[in-house]
Amino acid sequence: MYFLSGWPKRLLGPREAQEPPLRIQADPHRTWFAVLSPSQLGIWHNRPSVLIVSYKESQKAVSQFGHYDQAEWRPDSTMIAVSTVNGYILFFNLPSSRDKYLYEPVYPKQEMTAVMQSSDRSIKSADVAAQMKDSFLTLSPIGSPHMKGTPHYKEEQCAPLLNLEKKQVLDLQASITSLQSMLEDLLVATSDGFLHLIHWDGMTNGRKAINLCTVPFSVDLHSSRGSFLGFEDVHIRDMEYCATLDGFAVVFNDGRVGFITPMSSGFTAEQLHGVWAQDVLDGICVAVNNKYRLMAFGCANGSVQVYTIDNSTGAMQLSHKLELTPKQYPDIWNKTGAVKLIRWSPDNCVVMVTWECGGLSLWSVFGAQLICTLGGDFVHQSDGTKKEPLKISSMSWGSEGYHLWVIDANSSANSVTKSKCKNEYQRCGILQFQFIKSALAVNPCISNQEQVLLQGEDRLYLNCGDAIQAQNPRCSSAHSDKALKGQFSDGSIDSQGLSTLLGHRHWHVVQIHSTYLEINWPIRFSAIDKMGQNVAVVGKFGFAHYSLLSKKWKLFGNITQEQNMTVTGGLAWWNDFIVIACYNLSDCQEELRVYLRTANLDNAFAHITKVQAETLLLSVFRDILILFRADCSICLYSIKRKSDGPNPTTSIQVLQEVSMSRYIPHPFLVVSVTLTSVRTETGISLKMPQQACEAESIMLNLAGQLIMVQRDRSGPQIREKESSPNQRKLLPFCAPVVLAQSVENVWTTCRSNKQKRHLLEALWLSCGGSGMKVWLPLFPRDHRKPHSFLSRRIMLPFHINIYPLAVLFEDALVLGAVNDTVPYDCLYTNSSTMEHLEFLFPFCIVERTSQIYLHHILRQLLVRNLGEQALLLAHSCATLPYFPHVLELMLHEVLEEEATSRDPIPDPLLPTVAKFITEFPLFLQTVVHCARKTEYALWNYLFAAVGNPKDLFEECLMAQDLDTAASYLIILQNMEVPAVSRQHATLLFNTALEQGKWDLCRHMIRFLKAIGSGESETPPPTPTTQEPSSSGGFEFFRHRSISLSQSGDSLPAGKFNLQKTLSMPSGPSGKRWSKDSDCAENMYIDMMLWRHARRLLEEIRLKDLGCFAAQLGFELIGWLCKERTRAARVDDFVTALKKLHNDFLWPFPIIPVCSINSPLKNGKYRTVIGEQLLKSQSADSFLNMEIDTGIANVPRSHSWLGSVSSSQREMDAASSHGPHMQEAFLSPLLNKGDECSIGSATDLTETSSVVDGDWTMVDENFSTLGLTQSELEHISLELASKGPHKSQVQLRYLLHIFMEAGCLDWCVIIGLILRESSVISQVFSLMQSSEVDGEMLQNIKTGLQAVDRWASTDCPGYKPFLTVIKPQLQKLSEIAEQQVQPEAFQPVNLARVTEQASPRAEDNRSSASHSASPQSDIGSSTTVRHDEDMLRLEEEEDPLQESGYDCTVS
């Protein structure tokens, strides 16, 4: 509601004023401030903050009267009464010299229209004028040669001339404890137990003294007889008059508190009656809130007890307490000392409290804490050292609550000795704290809107920044970023209506026009339209409005019209019109005016309606205006737009008048009045939805009591057809009903939404320290008849952590603001600068904030067994982006409360909440997210309600939600033994392998290794890494926790099936750093990886196998070597060939139409992708070709193999894409056959995207080569038989892998697909030069014969290529007949042959990984190859051995 802004200001006073100030007291209009010193009375002006006049007592008078003590203003600000410590009252007159000014604003000649700004150090001398710092404005005495500004300046911009005359002295013969002004009388309490009633005029004749011992006191006003004080030494310590309660709140010297009221019109001892507050025995001070009829009593224990008077009995009732909690302030909450001062703001919306030990705290009217300077940056410096809190001896609010004038007790005592200022001025111990406040505090009619609007003394702060910034990104204030900043925690929120209200982090700051401000300061009201694009402000006279789109203000062109109007009841926007309730000063008439925003601001364009009584409050509901008037009546007007002339106007007609004088004791008590469509008969409105849009009830906030006055529909209803609109709206109102207590603000909306009726037809209440309440409608489900026992509406309370300033109805969000601080004390290190305010106080900023409230409402409905209503509400909000968070919050809060409760809970809510969440598809995610954010100790309680985590894990697997299942795995790891975790991890790992979720697979590998093979019941420690050993030069890992989210270049060893762990001494300790369990776990993981690879090969899924190996770093070559005669053996060549064509989107070859004896046959036409390409396409480049493995969550569509559709698109768009992809690999053109290869491996004849220009280019190129038409056709057919470039690269890489592993049958199949005779020749030469297994030779021979038979019948396109390799096939048959089957295949010889083909990615891996995975470097060198063969042979002897192997690495 109120927020601190910036740093406080320190005022300067004249050098002659040597005495420190003791007390400050503002006059009723808060224009003047009386500052008391021990023997001096000074009068300060509010704006500019200057000392006008001071009166200094003579030494003789001081010795007679004693020092000054307290001051009190007469209600008309013409007199001041000052009490002294010796029991005297001094009366001072303050005659004002009309049209005479001590200071006037003057402007430099070149700055005629300069802005009047509040300065950092204002002038304080009554004798000498000087320039104000950092401002164009100067204050100059009369007769200055400077030119004056505009001719319309008033006394508001000046410091008028005052005289201070001591008029009379009164001796009361006893020390005075309290002074209080009461209308035309002055009430004085003395230490001898008397109350003196003294007239401001005729003081000697009008003295009345009342002995407190004769005033009866009781617990309420109904007691027939009250008891008397009965003590001679009892007197009033502090008191304050409450006009709306017609009595005094008093604090006695013994700590008791009470309320004294006259029983009749007189003020004598016989007519007074007192009421005790029974529970308070340590009262210190009191302050009264007239608008809410509250009495705040400060106590010696540091708390503030706020009481009200019961209307029926007259007894004092405790409303609430203001006290610091140990949770928020653990260091200071019980060490604040007694309450020192309490001061309510001028609008009675907040109260400021200070303690004996220092510090300030600000609270809303019903106890919501807004600010406290006893924590955070206020008491701690940047380096953590403690600061002394500010101790305050007196304070008073300035005009409209924009300033708090404070007397600093510390600086006051030392102001003379520490003064090092200029000769004329010194610090006078007065600080000014600056505040900004919500527009709701003074103009509650904007509560039906969703914007947050804050107003300062010279600027406005809006939260609707996005739409404005899109139009014009410039900020309208030079220091908006410095003064305020905003923040919203959930930056991902994106729903309709939220982008404007939440998406912008900073406030949109609008500087109020200086011309309007300097005449009409302070700003009293402000309002914003529903679109958040126009604002209007009201000062002392007139008003002005501003467009955020055009960045322009509109002011009255005729200043006389502006100065003749003062707004009394606030202002509101209605479409493009501004509605104002005002008083016409020239005609002495109350009026209702409507101004068009787009027209000039002039009375000629306004629609003016005269009203009978002064309007106090104004509100708009659709096309109805509601006015609350000073005679306690409510008047409803209809407003319609008329577009007769060039400027549209409105017509206003009275609809209805309702007198509320029976129910409202004083019109000042009404805080807000609004018209709503809320009604209690929800069932009726369900059948007749048109009535839900009508003005059904009046909501009246009467001093915190929310009263509903509903239309009476009990009588005969007139059908809509038979009545005119005016007659239909004249339905009478029922008697009022009290809905809630302690209400600060009310929000409702006139919009309707069938999907979210619960939220839009509800009534939202802010109740201060009690949080918020919502009056929620209850609807029968599916239009069924409602239960007779079911109420139509229900009031649900809930707590929020912010102070609410606006409600986003459909989005289930509350918007607010909160103070934050930025310390700058680190800039001041010298001892001379320690007194700077920038060092003593942090810089205060205001942040935008918001909070979700939906989970609170759902929980309250479930507590009340209204689960059906909760489901209706939740389903209507299920589309909100943060709805999963809502369910999680509700589950988490209930779990925390119930699981940590010390007492047994008879009816726990957690099972109900768990059952409720199961109604939504996000149930599994909600539970596991909640568990992961909760302490482990609470898990058993949680899963006892929601179900066994093993069952939930299996549900995730069935629903294919593997990421959520992985989260449950972490739960199982902590709650179950390792065997159970491993079992479920295996299930998840296999499923993730099958679905190709490689990121999850990497995490599962790490997880399985971390579990360990031990049977311990405790979770394993986090895996740690050991630094490389200096002796071995290798990098060893204590637990093999390899990060698989690194880039391909940094993947250690390229494999994770770690079959062996080396045992070597590490440093001088000689301890074994490897465990047997590591090897067992590695073997366990390898078995799963091998099983998956075997299945992929058996199902001829080579593409998936390549992706699997590349993504997980699987050592494919070493595994294929072992599986060469088993899983890696091709049983059916024809089926494998067809499957590869299908998987790699490779077209089957076709027979050319032209002659078979084409000059381009027999392999002359071949692509130029040769050895260079093959060498560049290693496993790493394969891995990085289309994915960056450094990114943890890569979408599957971007994996290296892509999807079928993407590959298909590559074929379709080949004419443009293909050439660019292959041109980088073209070799120099050597002969005609090679020149033909400049085309791409795509089908040019079937591509529809090739334009005529491309064809022309191709024709020109080939005409220069001298090719015939038949040769061109043959080239087109050859290009058509090539697959996508990506498939070609993948096939060549797989060919390289199979060649290295000796799987020659697969090499033959890939060679057939690529139709490159060189590949077949290379395979056949390998067979001739090495001892190849005879069974493999026979298998290849049989397979090629089967392919030949298949090609003859089903695919004649293969026949030309098979004819080319036929001689080599015959040679193979001869080898197969002569060959003797060897016992083993030696890959050393194979490596020598294939060494020139292409280096593998594994050769480039870090040498540090050799020790961990010896097989990773097959073919890198003969020595390593030899070691690898040895290890492989060892493993074949005992593949399941779990112990580590000892070996020597050369």
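All values below were derived from every heavy atom in this structure, side-chain atoms included, with hydrogens, water molecules and symmetry-related copies excluded.
With no hydrogens or angles considered, a side-chain donor-acceptor pair links Glu744 and Ser364 at under 3.5 Å. Side-chain contact, Arg859 with His856: no donor N or O sits under 3.5 Å from an acceptor N or O. Neither side chain, Ser766 nor Asn745, offers a donor N or O lying under 3.5 Å from an acceptor on the other. A donor-acceptor contact closer than 3.5 angstrom is absent between the side chains of Thr308 and Ser319. No side-chain N or O of Ser901 forms a donor-acceptor pair with one of Asp903 less than 3.5 Å apart.
Of the possible polar contacts, none joining the Gln305 side chain to the His320 backbone as a donor-acceptor pair under 3.5 Å is found. Here the side chain of Arg757 pairs no donor or acceptor atom with the backbone of Asn753 at under 3.5 angstrom. For Glu847 (side chain) and Ala817 (main-chain N/O), no donor-acceptor pair under 3.5 Å exists by modelled atom type. Side chain of Asn701 to main chain of Val743: a donor-acceptor pair is present (N/O by atom type, distance under 3.5 Å, no hydrogens or angles). The backbone N or O of Leu813 lies less than 3.5 Å from no partner atom in the side chain of Asp811, so there is not a single donor-acceptor pair. Not one N or O on the side chain of Glu323 forms a donor-acceptor pair closer than 3.5 Å with the backbone of Val304. Judged purely by atom type and a 3.5 angstrom limit, Asn974 uses its side chain to pair as donor or acceptor with the backbone of Ile970. Using a distance-only test at 3.5 Å, with no hydrogens or angles considered, no donor-acceptor pair links the side chain of Ser5 to the main chain of Ile436. Without hydrogens or angle criteria, Asn463 side chain to Val452 main chain gives a donor-acceptor distance under 3.5 Å.
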Legend entry - Stepwise side-chain hydrogen bond (donor to acceptor under 3.5 Å, both in side chains) check, Ser697 with Thr676: CA-CA 5 Å; Ser697 58; Thr676 72; 2.9 Å; yes

Inset, instruction - Mind running ring pair (Phe, Tyr, Trp, His ring centres under 6.0 Å) on Phe779 and His758 for me, showing each step along the way? - result: CA-CA 8 Å; Phe779 299 110; His758 280 94; 5.0 Å; yes

Legend entry - From CA spacing to verdict: side-chain hydrogen bond (donor to acceptor under 3.5 Å, both in side chains), His1003, Arg1006: CA-CA 5 Å; His1003 290 309; Arg1006 275 206 303 275; 2.6 Å; yes

Inset, instruction - Could you check Val822 against Ile845 for side-chain contact (heavy atoms from CB on, under 4.5 Å), going step by step and ending with a plain yes or no? - result: CA-CA 8 Å; Val822 179; Ile845 53 179; 3.9 Å; yes

Inset, instruction - Would you check, one step at a time, whether the test side-chain contact (heavy atoms from CB on, under 4.5 Å) holds for Val846 with Val818? - result: CA-CA 6 Å; Val846 181; Val818 65; over 6 Å; no

Inset, instruction - Please step through side-chain hydrogen bond (donor to acceptor under 3.5 Å, both in side chains) for the pair Glu919 and His875, ending with a clear verdict. - result: CA-CA 10 Å; Glu919 298 287 334; His875 281 302; 5.4 Å; no

Legend entry - Derivation of the side-chain contact (heavy atoms from CB on, under 4.5 Å) call for Val927 and Tyr968: CA-CA 9 Å; Val927 171; Tyr968 277 105; 3.5 Å; yes

Legend entry - Pair Ser770-Phe366, side-chain contact (heavy atoms from CB on, under 4.5 Å): steps then yes or no: CA-CA 8 Å; Ser770 304; Phe366 287 110; over 6 Å; no

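Residues Leu796 and Arg864 meet the side-chain proximity criterion, which asks for heavy atoms closer than 4.5 Å. The shortest side-chain heavy-atom distance between Val306 and Tyr292 does not fall under the 4.5 Å cut-off. Side chains of Leu454 and Lys437 form no contact here, defined as non-hydrogen atoms less than 4.5 Å apart. No side-chain heavy atom of Leu776 sits less than 4.5 Å from a side-chain heavy atom of Gln869. In this structure, the side chains of Leu1000 and Leu988 come closer than 4.5 Å at one or more pairs of heavy atoms. Using a 4.5 Å heavy-atom threshold, the side chains of Leu763 and Val774 count as separate. Residues Leu909 and Val863 are in side-chain contact: their nearest non-hydrogen atoms beyond the backbone lie under 4.5 Å apart. Contact of the Leu360 side chain with the Leu4 side chain is not registered, since no non-hydrogen atoms from C-beta on lie closer than 4.5 Å.
Note that SG of Cys956 and CG of Leu924 are 4.0 Å apart. Values are rounded to the nearest 0.5 Å. Put simply, CG on Leu858 and CD1 on Ile917 are 9.5 Å apart, with the number rounded to the nearest 0.5 Å. Note: Leu808 CG to Trp747 CH2 = 11.5 Å, rounded to the nearest 0.5 Å. Between atom NZ of residue Lys997 and atom CG of residue Asp963 there is a gap of 5.0 Å, rounded to the nearest 0.5 Å. Thr849 contributes atom OG1, which lies 10.5 Å from atom CG of Asp820 (distance to the nearest 0.5 angstrom). Interatomic distance, CD1 of Ile852 versus SG of Cys877, reported as 11.0 Å (0.5 Å rounding).
The ring pair (Phe, Tyr, Trp, His ring centres under 6.0 Å) pairs that include a residue from residues 933-957 are Tyr936-Trp939, Phe953-His984, where partners are two or more places apart or lie in different chains. Within the structure, side-chain hydrogen bond (donor to acceptor under 3.5 Å, both in side chains) pairs that include any residue of residues 905-914 do not occur (at least two apart or interchain).
Of all the heavy atoms in Ala812 and Leu759, the pair that sits closest is CB-CD1, 4.3 Å. Scanning all heavy atoms of the two residues, the minimum distance from Phe378 to Pro842 falls at CD2-CD, 3.6 Å. The heavy-atom pair separating Ala874 from Phe920 by the smallest distance is CB-CZ, 3.4 Å. Shown here for Asn819 and Cys844, the closest heavy-atom pair between the two residues is ND2-CB, 4.1 Å. The shortest heavy-atom contact between Cys372 and Leu324 is SG-CD2, 4.0 Å. Contact record, Asn348 with Asn289: O-ND2, 2.9 Å, taken as the closest heavy-atom pair.
In this pair, Trp764 and Phe798 present their aromatic rings perpendicular. The plane angle is above 60°, beyond the 30 to 60° band.
Under the ring pair (Phe, Tyr, Trp, His ring centres under 6.0 Å) criterion, Tyr803 pairs with no residue at all, not counting sequence neighbours.
For the side chain to side chain donor-acceptor pair (under 3.5 Å) with Glu810, the qualifying choice from Arg751, Gln755, Lys756 is Arg751, the only one to do so.
The existence of a salt bridge linking Glu450 and Lys530 is excluded, since no basic side-chain nitrogen approaches an acidic carboxylate oxygen closer than 4.0 Å. Between Arg679 and Glu761, no side-chain nitrogen of the basic residue sits less than 4.0 Å from a carboxylate oxygen of the acidic one, so the salt-bridge criterion is not met.
Within 6.0 Å of the CD atom in Glu896, the count of heavy atoms belonging to other residues, nucleotides or ligands exceeds 12.
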